[in-house]
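These notes are about the structure you will find just below.
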There are 2 protein chains.
Amino acid sequence: MSAAQISAPTAAAPAHKIRVILADDHPVVRDGLAAILNRQPDMEVVAEAADGEEATELYNRHQPDVMVLDLRMPKRDGVAVVQMVLAAHPHARLLVMTTYDGDEDIFRCLSQGAKGYLLKDSPRTEILSAIRAVSEDRPYASSSVASKALQRMAKPSLTQRELGVLQLLAEGRSNKDIARRLSITEGTAKTHVKAILTKLDAISRTEAVAVAHKRGLVRL
Amino acid sequence: MSAAQISAPTAAAPAHKIRVILADDHPVVRDGLAAILNRQPDMEVVAEAADGEEATELYNRHQPDVMVLDLRMPKRDGVAVVQMVLAAHPHARLLVMTTYDGDEDIFRCLSQGAKGYLLKDSPRTEILSAIRAVSEDRPYASSSVASKALQRMAKPSLTQRELGVLQLLAEGRSNKDIARRLSITEGTAKTHVKAILTKLDAISRTEAVAVAHKRGLVRL
DNA sequence: CGGCGCCTATCTCAAAAGGGGTAGATCGGC
DNA sequence: GCCGATCTACCCCTTTTGAGATAGGCGCCG
């Protein structure tokens, strides 16, 4: 394939450039994305945000065609930014980006209306394709994520309560400790833990935590 | 402090540019670093590697002044690259970079002779300072890492065997399972687990795994 | 209204994990 | 040669965890 074909995708002379905001807490990543996008004749980086709060503000101020959002950011994470921006701008086109596939929050973002999802280790061409797709209101997802989405559908999902218990489980708390923190009896805590073990197909709490980490259900 | 002072550090007209190789599996990060470095009058990116094997090869071919190395890469991780490059070139100046502080492998790299360590979310000026320091054979470490190094000294370290047991622990294995896999008795496995709990100051195996994750002693 | 899912709570019983201490074998360094 | 660290292994005893079953209260939806 030729690079020229990718660089000048739909029209030889674009009517207007795709206006993009970048939101990522790593200066290096912002510079890298900016360098890639600014080489394109049909794209323009209009602002950069270093955290979630800034991302929300800058979206309101600039109303870009696309915002590229890191999932994990200080102050306000990707999920929260997606919620807040879409509440104010229902037609906002958001492309969520993260380091790890398998992060459960991807699905939270997509189900809340983010238009696309991208892995940070994607090649440049894929990043550009994704931005162009999202800018035209077409959905985009890395293939590795699309397949995970299907796997995930099959598996039973945890309730909110169970996710809370799982978080404490991952911190190494005992049943008694979990019960105290959630103001329930130890017996009930055990009931929740048993449900978690069943749903995650784990034999022990420690294995459940390992599975939860792999699936991105909990964070450190 | 002025930016000019940082940009033109020692000499107004550098006798020769600092030749740098970048090794990171994320194209975006490579582009970002390249963009930052190529803006400097005293630096030059001579090659880029997308994995550990490539990094080793390119070092041998180009013999740069500094190689910036991601800790986690496909095929050969940062620790292995540090070992192999230093075996062939004992005076190589390597700057290790990673996303997370608290990664135990940082200390493995540094103790094996890497000259500096840097967090990926560092500001541009810090990245440049680090590269200049390392190029002059001066050590460099992010302040957050320097403080962790001290904390770490105080705490007891795990033996090789214990690290092996800890890895299995983190995968959710039972004592019986651990014993089978390591060809030791269950009683011995319990002895190791008890030692781990004591050293990590944890009450339960699950808490020990949580601590191990935080300290980067195990990986998923 | 009748389910259905969720949270709560209880019971019993077996298995696993954890706390304490002891001790032989091996290996490397002072 | 002796000491210390490590790996191995065992003892006893208590606490925690996990399997299985059951059930009331509550809110939501067809």
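Side-chain atoms are counted along with the backbone in the values below, which use heavy atoms only and exclude waters and symmetry mates. Letters A, B, ... are given to chains in the order of the sequence lines, protein chains preceding strands, and every chain is numbered from 1.
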| message | Once you measure the plane-to-plane angle for H213(B) and H213(A), does it fall in the parallel (<30°), tilted (30-60°) or perpendicular (>60°) bin? | response | tilted
| K194(B) NZ - dT14(D) C1' separation (whole Å) | 13 Å
| request: Give the rounded distance in Å between these two atoms: CD1 of I203(B) and P of dT17(D). | output: 10 Å
| Length of the NE2-P vector between H192(B) and dA5(D), whole Å | 17 Å
| message | Nearest heavy atom decides the nucleotide; on that basis, is K190(A) or R161(B) closer to the 5' end of DNA chain D? | response | R161(B)
| Phosphate OP1/OP2 of dT17(D): any S204(A) side-chain N/O under 4.0 Å | no
| message | What range of DNA chain C does chain A touch, first nucleotide to last, counting atoms under 4.0 Å from its heavy atoms? | response | dC6(C) to dT10(C)
| request: Calculate the interatomic distance between L163(B) atom CG and dC7(D) atom C1'; express it in whole Å. | output: 14 Å
| Single hit among T198(B), T188(B), N175(B), L166(B) for side-chain contact (heavy atoms from CB on, under 4.5 Å) with V193(B) | N175(B)
| message | Taking I203(A)'s backbone N and O only, do any of them form a donor-acceptor pair with E207(A)'s side chain (distance below 3.5 Å, no angle check)? | response | yes
| task | Could you tell me whether the side chain of Q167(A) and the main chain of R219(A) form a donor-acceptor pair under 3.5 Å? | result | yes
| query | To the nearest angstrom, how far is E186(B) atom CD from dT8(D) atom P? | reply | 15 Å
| message | Regarding R72(B) and D105(B), does a basic nitrogen lie under 4.0 Å from an acidic carboxylate oxygen? | response | no
